[in-house]
Asker: 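My questions will all concern the structure given below.
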Amino acid sequence: MAVTQRRGRRIMMTPGELDEFLAGQRTCRVATVSADGRPHVSALWFAWDGSSLWLYSITRSRRWTELRADPRIAVVIDDGEEYGELRGVELSGTAVFVGEAPRSGEPCPELDVPESLFARKNFGLDEMPHDGRHAWLRLTPDAIASWDFGKLSGS
């Protein structure tokens with residue numbers, strides 16, 4: 001995975017800060033490309049396993065349809081209200097569909113870790129509930145850009 005920011009290195013997150021930030025956030029904004037080339041952005045919960053972002057998407061959504069046609073994806077996770085609190089991450093690359101769609105809970109060892117992380121983080125459960133409407137997308141980013149404006153003040 002490449003660090004793509006040439007400017008703003010002063011405010012970029014270290015790998016440890018990035019992992020901590022992504023593990024603690026719940027909602028991301030997912031950008032996909034529609035058939036006519038227009039961007040489409042939607043909010044979604046996610047899990048971060050230290051190297052990939054896991055997205056649990058409704059399979060009948062516009063996002064899912066667009067990614068089936070064109071798997072290019074960008075995701076932003078951000079936080080903060082005041083200028084000095086602003087921090088975030090942009091990840092981009094190619095979405096990969098993992099497991100059955102929709103997900104019924106059939107054994108899929110590749111999903112053991114993300115489902116455990118997602119269930120604990122978003123539902124407070126040890127096991128992932130399956131509703132027959134969602135399935136998994138994995139983004140192992142080609143590029144990551146991050147920012148933490150708190151670093152400007154030395155905090």
Side-chain angles (χ1 to χ4, degrees), residues 1-5 11-33 39-68 71-151 155:
M1 134 182 53
V3 175
T4 60
Q5 52 196 101
I11 61 171
M12 72 185 234
M13 294 182 191
T14 66
E17 291 168 340
L18 183 75
D19 284 340
E20 182 179 349
F21 178 75
L22 291 173
Q25 297 297 311
R26 176 179 276 183
T27 306
C28 65
R29 285 170 238 10
V30 178
T32 56
V33 182
H40 172 244
V41 180
S42 56
L44 197 59
W45 283 353
F46 70 93
W48 172 252
D49 70 4
S51 61
S52 295
L53 196 74
W54 292 86
L55 306 163
Y56 197 54
S57 176
I58 293 178
T59 59
R60 297 187 72 185
S61 67
R62 178 176 169 186
R63 169 185 48 252
W64 189 270
T65 301
E66 289 173 349
L67 287 169
R68 280 283 185 206
R72 292 178 296 166
I73 187 172
V75 177
V76 171
I77 302 103
D78 60 344
D79 189 29
E81 296 293 325
E82 301 297 323
Y83 182 81
E85 300 171 345
L86 298 177
R87 59 193 181 135
V89 179
E90 178 189 17
L91 308 100
S92 60
T94 303
V96 175
F97 297 83
V98 181
E100 80 272 20
R103 180 87 172 114
S104 65
E106 289 294 318
C108 181
E110 188 176 4
L111 293 174
D112 289 348
V113 169
E115 287 192 342
S116 177
L117 291 168
F118 193 91
R120 277 195 303 270
K121 179 179 182 180
N122 296 305
F123 304 122
L125 301 172
D126 292 330
E127 291 186 24
M128 185 72 188
H130 301 286
D131 63 8
R133 298 177 25 210
H134 291 78
W136 287 101
L137 300 164
R138 182 186 69 232
L139 169 59
T140 303
D142 295 330
I144 296 178
S146 64
W147 58 93
D148 180 349
F149 286 17
K151 292 181 175 190
S155 57

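All values derive from a computational prediction rather than experimental measurement. In this chain, numbering begins with 1 at the start of the sequence shown.
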Asker: Here's a test for you: under side-chain contact (heavy atoms from CB on, under 4.5 Å), which of L91, I73, L53 qualifies with P141?
Answerer: L91
Asker: Is there a donor-acceptor pair closer than 3.5 Å between any side-chain N or O of R68 and the backbone N or O of P71?
Answerer: no
Asker: Is it true that E17 and R87 have a side-chain N and a carboxylate O under 4.0 angstrom from each other?
Answerer: no
Asker: Do L22 and I77 make a side-chain contact, defined as non-hydrogen atoms from C-beta onward lying under 4.5 Å apart?
Answerer: yes
Asker: Determine, stepwise, if the pair E115 / H130 fulfils side-chain contact (heavy atoms from CB on, under 4.5 Å).
Answerer: CA-CA 10 Å; E115 287 192 342; H130 301 286; 3.1 Å; yes
Asker: Indicate, with yes or no, if the rings of F97 and W64 have centres closer together than 6.0 Å.
Answerer: yes
Asker: With a sphere of 6.0 Å drawn around CD of E127, does it hold more than 12 non-hydrogen atoms of other residues, nucleotides or ligands?
Answerer: no
Asker: How close do D142 and G93 get, heavy atom to heavy atom, and via which atoms?
Answerer: OD2-CA, 3.4 Å
Asker: I'd like to know if the side chain of E20 reaches the main chain of G16, judged simply by a donor and an acceptor atom lying under 3.5 Å from each other, with no hydrogens or angles considered.
Answerer: no
Asker: F118 vs F123 aromatic rings, parallel, tilted or perpendicular, using cut-offs 30° and 60°?
Answerer: perpendicular
Asker: Please tell me if the side chains of V30 and V41 come closer than 4.5 Å, counting only heavy atoms from C-beta onward.
Answerer: no
Asker: Using 30° and 60° as the class boundaries, would you call the ring planes of W136 and Y56 parallel, tilted or perpendicular?
Answerer: tilted
Asker: Should L117 and W54 be marked as a side-chain contact (heavy atoms from CB on, under 4.5 Å) after you check the CA-CA gap, both sets of side-chain angles, and the distance that decides it?
Answerer: CA-CA 10 Å; L117 291 168; W54 292 86; 6.0 Å; no
Asker: Locate the shortest heavy-atom distance separating S51 from D49; write the atom from each residue and the value.
Answerer: N-OD1, 2.9 Å
Asker: For the pair K151 (side chain) and M12 (backbone), establish whether a donor and an acceptor sit closer than 3.5 Å, ignoring hydrogens and angles.
Answerer: yes
Asker: To the nearest 0.5 Å, what is the distance between OG (S57) and NE2 (H134)?
Answerer: 7.0 Å
Asker: Ion pair present between R63 and E66, side-chain N to carboxylate O less than 4.0 angstrom?
Answerer: no
Asker: Can you name the nearest heavy-atom pair linking A135 to P102, along with the distance?
Answerer: CB-CA, 4.2 Å
Asker: Does M13 offer a backbone N or O that forms a donor-acceptor pair with the side chain of S146 under 3.5 Å?
Answerer: yes
Asker: Check whether more than 12 heavy atoms from other residues, nucleotides or ligands sit under 6.0 Å from atom CG of D131, and answer yes or no.
Answerer: yes
Asker: For the atom pair CD (E90) and CD1 (I144), what is the distance rounded to the nearest 0.5 Å?
Answerer: 10.5 Å
Asker: Could you tell me whether D78 and R29 have a side-chain N and a carboxylate O separated by less than 4.0 Å?
Answerer: yes
Asker: Side-chain contact, heavy-atom cut-off 4.5 Å: R133 with R103?
Answerer: no
Asker: Do side-chain atoms of T65 reach the backbone of S61 as a donor and acceptor pair under 3.5 angstrom?
Answerer: yes
Asker: Taking the cut-offs as 6.0 angstrom to the six-membered ring centre and 45 degrees off its axis, would you call R26 and F46 a cation-pi pair?
Answerer: no
Asker: Determine the minimum heavy-atom distance between T140 and S52, stating which atoms define it.
Answerer: OG1-OG, 2.5 Å
Asker: Could you go through C28 and V76, starting from their C-alpha distance and side-chain angles, then the distance that decides it, and tell me whether this counts as side-chain contact (heavy atoms from CB on, under 4.5 Å)?
Answerer: CA-CA 6 Å; C28 65; V76 171; over 6 Å; no
Asker: Show your working on side-chain contact (heavy atoms from CB on, under 4.5 Å) between L137 and V96 and close with a plain yes or no.
Answerer: CA-CA 5 Å; L137 300 164; V96 175; over 6 Å; no
Asker: Please answer whether the main-chain N or O of Q25 pairs with a side-chain N or O of K121 as donor and acceptor at a distance below 3.5 Å.
Answerer: yes
